[in-house]
Amino acid sequence: MKLYEFQGKRLFAKYQIPVPKGELAENIEQALHIASYSKTPFVVKAQVLTGGRGKAGGVKLVRSREEASNILSSIFGMDIKGYKVNKVLIEEGLEIEREIYLSFLMNRNSEKITLITSGEGGMEIETVAKENPEAILKIDIDPLVGIKSYHYTNVFEHLKIYDKDLKNQFKAILNNMYRMVTELYLNLVEINPLVITKSNKIIALDSKVIVDDNGVGFIKDFDSFKNYDDLTPEEITAKANGLSFVKLDGNIGCIVNGAGLAMATMDMIKYFGGDPANFLDVGGSSNPEKVINAVKIIKRDENVKVILFNIFGGITRCDDIASGIKEALKVLDIKLPLIIRLTGTNEKEGVQILNDLGLETTTSMQDAVKKAVSLIGE
Amino acid sequence: MKLYEFQGKRLFAKYQIPVPKGELAENIEQALHIASYSKTPFVVKAQVLTGGRGKAGGVKLVRSREEASNILSSIFGMDIKGYKVNKVLIEEGLEIEREIYLSFLMNRNSEKITLITSGEGGMEIETVAKENPEAILKIDIDPLVGIKSYHYTNVFEHLKIYDKDLKNQFKAILNNMYRMVTELYLNLVEINPLVITKSNKIIALDSKVIVDDNGVGFIKDFDSFKNYDDLTPEEITAKANGLSFVKLDGNIGCIVNGAGLAMATMDMIKYFGGDPANFLDVGGSSNPEKVINAVKIIKRDENVKVILFNIFGGITRCDDIASGIKEALKVLDIKLPLIIRLTGTNEKEGVQILNDLGLETTTSMQDAVKKAVSLIGE
Amino acid sequence: MSILLNKNTRVIVQGITGRDGSFHTKMMKSYGTKIVGGVTPGKGNETVEGIPVYNTISELKKDHGVDASVIFVPPKFSVDAIWEAVEENIKLIIVITEGVPVNDMLKIKNYIKGKDITLIGPNCPGLITPEEAKVGIMPGNIFKKGNVGVISRSGTLTYEVVYSLTNAGFGQSTVVGIGGDPIIGSRFIDLLKLFKDDDETEAMVLIGEIGGSDEAIATEYIKKEFNKPVVTFIAGKTAPKGKRMGHAGAIVSGQEETAQAKIKFLKDNNIPVAELPQEIPDILKKII
Amino acid sequence: MSILLNKNTRVIVQGITGRDGSFHTKMMKSYGTKIVGGVTPGKGNETVEGIPVYNTISELKKDHGVDASVIFVPPKFSVDAIWEAVEENIKLIIVITEGVPVNDMLKIKNYIKGKDITLIGPNCPGLITPEEAKVGIMPGNIFKKGNVGVISRSGTLTYEVVYSLTNAGFGQSTVVGIGGDPIIGSRFIDLLKLFKDDDETEAMVLIGEIGGSDEAIATEYIKKEFNKPVVTFIAGKTAPKGKRMGHAGAIVSGQEETAQAKIKFLKDNNIPVAELPQEIPDILKKII
């Protein structure tokens, strides 16, 4: 789960990581009110769950009260990479001496918690990695050991921070970010830029926080933070119904049991010249309700011209899936052709149910996929 | 460093481990005052840094206010295994249903933190270990893993605790004791007995806390707790001067550099028929002041008839020790014979200094020890 | 031979009294797996499918020797269950549970490094040595004893591949589903090392997918040290970047994590990659 | 041969700019130890005895290969210094510092179990391979190259014994002071295993003392697996129970921790125990 900048900063404040003074506005009236008493210059920052808002004009400096109204109206409602802006953060302006990149990451390759820092703050770390890799310091921290003084020392040497007061501020930030990562089940906490102001204060100017989906439920802090704003309505419905769903641009709707098989199904559609409309994993359960919900979600997509079921029964029982299809046909108005591949546990019973409805089935994945593709071709 | 029961209980309270309501009295007037408003029955417990005070009459139940004065006067000033009672803890009486033994120990053999529990609370664990070893459950906890739910489950099964409310209270206590051990650098935290009252509350009736001497300095909690009440005046002086000193019953005072060599010296004295008066390690430093302090401490013991120096120079330089002896002879009125073994780093220079004072030396430990023993024999 | 598991392996089930735990205990037992006991705190003295239940592994071990544990405990309690198995020094631990926090897996993974413990999963279907024993949730009937080892990051896709193998006459030595999470107990390379020394295994099938670098690490290892024929399949060629495809670990975070990049790296190192899962037996026929 | 240390071992000194660190750097260097660098945070770019100082081991490793580190850092900073050496994967770490909390040592000790790291100390004099290299604070001049291995829980008592050995013509292969703390990186048994495989070592001297069970564990090991003659000495026969005799670990907490009990156990297992340190060479002469 991605958090908004303002949510990340609320967590920072809780973990004693300094952030600029700021307020959230959830509509333009609120924003204008906050602007009316905020000391200029201040900064207006669109709150969207994607990067690149700066380039898109979603971050603006307001130099005088007079400018505020125009700037705020330009930002509210703006579309940034498909995300509509309906929240802004209004923050004090800071006099910046230096910008630093700092993050902690659950690193699946090294299997450690990786601290990443660079003197080139404000730039995307991937860009720095390409253009100036030696500007980046990566330190793998073993979660059994934790963050230690020599890690700090390496960071300070890399960033050439020698001032004692700055070191102490920085140590506290490193330590608190590390605590955040481990206590809040974060996959990533990134501050870019972390700024040193002209008055020698270190402040987190931005926040990017990604919470481990497996950890979200364990942490009270996130109860008020849960949002699906980075998901499409279909993805939200799917999630709520225990389905994994990702929308694609094609026209063959897929309902598959198992994520690997679902990907392989999409790939095979493409291989035979077709275009998958989605990734959808109904999971290992045999609840017919899941099939109905899966069909519902796929039907919403007007591009879809055919629905392909690819079921390899293991834990999932073929007869349960067949019953689900039967129910769906009853409850929903399905005009699309259904191509059904059924094999594995209780295959015979499942096939019988479908044949009784006049539906054909196959045991071959390849046959089913080819047939779906050929139907589109017609 | 051993803590008093009342000190341990203050830490318990801080760590949310329930203790009886109680107050400390540091003299009899205070104690009588507390007794005057305490609800009877209450318990008076002598505060001494040794076990076995119960048998010695240092723990008494006061059933009525009238008894208080007699009982308090009997306890104050009492001698328990050489410790004089000058503090008592006055605690509410509890209606006890069950007594349990519970401790966490830094275990040098298993190299783990060992949880020990037994249903036979109130008895010394060593006694239970001998008489009814299967009553004891020991669980080694890896400090990298910490205390986990299956540890709790094993404890509950062993103690046959099935009541949900009791389990929850017990879990909190286990968890908090474990935190104490790791956060406060404890070598041992023991609650014996941990009682379950008739109203189903779990309460720590006693406390035994031993802090790692190497950790004491790192923990603010102990600033007010430091005490040397379990040391003799000589041992306190030695400690303050950076010397390791343990008093024994013999008459040959020993000044040695290194703990192992000091023990070997004592053992050799015994082997040749003598009796060491002390263990004393001047350590690796070459500060002449240490020699003076060492001689001072040994001189206080009237049993001592001869002082034996056994110095194997390594880091310690023989000439520094010799200068120390020279100083000591100047500053202190030393009537005792000195037997001096000097060898190793700067041996020649050291021997010269002492010969110039008319003192003989030897390079052989055995010769020195034999000579010391023979001097006593005369 | 085979790796890790055979009919003599003494298996316990953590979370045996749960819905999934009890169902699969029945299935495993009927497949021939030697299940000696189960663990559910607070349910000691019960039985499931005739198998005795204990409150803790420590209690269980007083009555039974244990070689492996399979964990069906729900996410909230799964972390302690894994730690319990690790601290009780069980040599083979298979975690079926989906939803174990990455954070905790990271600690556990670092803890078992250098220890003589093989952890499989979490979020995996388990492993099977056909016609001997299975530990997990795989449908036993599609497997057949033979000489092809299989390691897979997926569940049903594994069944699809195994089904093709069996139909084409290729039995399996051992099939391991390593799980779809970003941090897993055993990666391709860890198990390849075991298959390398297994006399019964003559060829390997690896089923990979988008996300992470395990396929690349395995490629390097195969090139340098693995001396048996290997066929691979990589799922997710049509997966969009940045989207999680069901498995927590199936997400493309960088160019080298795409299916295309992995396939290219394999081919560049002369390891055949099947275009379709069903092609795997054909390729095997050619290279064995 | 010898164990752990020879003249080619590349050693670094953590805490090189301190009083003890710099003094012993000079002594070690003049003995012949190959000291490649030192570490003191904030003192990078300085030099001590001509040896370059770095802020961290990570920086140092960019310029030098490292085989061993000796730690002279004061107690307050020693724990992080040990972790740093461990995390930088230095294979031999010698901690001279006295006063490291037991708590932290317990964590470190459990962490390095199963890893290819040998930790010696804390609160120890270090180790020496005579006429090759020394790492620690031992006075080099009393040692002589030879075929007797020595492991000791003590400092000066070791010198006493080595002095007798050298005078009696028994040179030493390697002498290790394992330290006087309750939790130490290497116990008798760990080093005996290394000496067992060392061709140069023909006999062993173990110097034990009161407290703990390391001597008993070593006794069991010697009886079962150690195939070279061993002579022992146990200090503390006259030590009273419950009193700490200088070393944090030299305290009798139970009957089996007394010198008498340890001596009896050794003798019952036919391992000779010297009554006096100076007797050790005589016994060696008889049993070699």
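Numbered from 1 within each chain, the chains take letters A, B, ... in sequence-line order. As the structure is a computational prediction, the values presented were derived from the model and not from experiment.
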Need one label for [X]: side chain, backbone, both or neither, based on atoms under 4.5 Å from any heavy atom in chain B.
X        : result
D/Ile234 : backbone
D/Ser154 : side chain
D/Gln255 : neither
D/Arg153 : side chain
D/Leu106 : both
D/Val100 : backbone
D/Glu160 : both
D/Phe23  : neither
D/Ile184 : backbone
D/Lys113 : side chain

Other residues, nucleotides and ligands only: do more than 12 of their heavy atoms fall within 6.0 Å of [atom1] on [X]?
X        : atom1 : answer
D/Gln260 : CD    : yes
B/Lys371 : NZ    : no
D/Lys115 : NZ    : yes
D/Phe77  : CZ    : no
B/Lys208 : NZ    : no

Taking side chain as everything from C-beta outward and backbone as N, CA, C, O, which of these in [X] sits under 4.5 Å from a heavy atom of chain D? Side chain, backbone, both or neither.
X        : answer
B/Thr343 : side chain
B/Ile113 : both
B/Phe312 : both
B/Asp275 : neither
B/Asp142 : side chain
B/Glu235 : side chain
B/Val181 : backbone

For residues [X] and [Y], report the shortest heavy-atom separation together with the two atoms involved.
X        : Y        : answer
B/Gly314 : D/Tyr159 : CA-CE1, 4.4 Å
B/Met268 : D/Gln278 : CE-OE1, 3.0 Å
D/Ser213 : B/Asn109 : OG-OD1, 2.5 Å
D/Asn103 : B/Tyr185 : ND2-CA, 3.5 Å
D/Leu276 : B/Gln366 : CD1-NE2, 3.7 Å
D/Asp181 : B/Asn214 : OD2-ND2, 4.1 Å

Quick check for you: among [options], which has the greatest number of heavy-atom pairs under 4.5 Å with chain B?
options                                : answer
D/Pro139, D/Pro75, D/Gly99             : D/Gly99
D/Ile137, D/Asp214, D/Asp20, D/Ile217  : D/Ile137
D/Gly140, D/Pro277, D/Gly211, D/Ala239 : D/Gly211
D/Met138, D/Lys109, D/Met27            : D/Lys109
D/Lys243, D/Lys237, D/Met245, D/Lys107 : D/Met245

> Does anything in residues 236-245 of chain B get under 4.5 Å of chain D by heavy atoms, and if so which residues?
Replying inline: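 Hits under 4.5 Å: B/Ser244.
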
>> side-chain contact (heavy atoms from CB on, under 4.5 Å), that's the test. Do B/Met106 and D/Ile183 meet it? Break it down for me.
In response: CA-CA 9 Å; B/Met106 288 282 168; D/Ile183 303 290; over 6 Å; no

I need the [X] [atom1] to [Y] [atom2] distance, nearest 0.5 Å.
X        : Y        : atom1 : atom2 : result
D/Thr156 : B/Ile311 : OG1   : CD1   : 8.5 Å
B/Glu111 : D/Arg187 : CD    : CZ    : 4.0 Å
D/Thr238 : B/Asp249 : OG1   : CG    : 11.5 Å

> If we only count heavy atoms from C-beta on, is the D/Asn110 to B/Pro143 side-chain gap below 4.5 Å?
Replying inline: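 Yes, close enough: below the 4.5 Å cut-off.
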
>> Please check this pair: side chain of B/Asp212 against backbone of D/Val102, looking for a donor-acceptor N/O pair closer than 3.5 Å.
In response: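 Confirmed, B/Asp212 side chain pairs with D/Val102 backbone.
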
>> For the interface with chain D, which of B/Gly215, B/Ala264, B/Pro276 has the highest count of heavy-atom pairs at distances below 4.5 Å?
In response: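 Of the candidates given, the most pairs with chain D belong to B/Ala264.
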
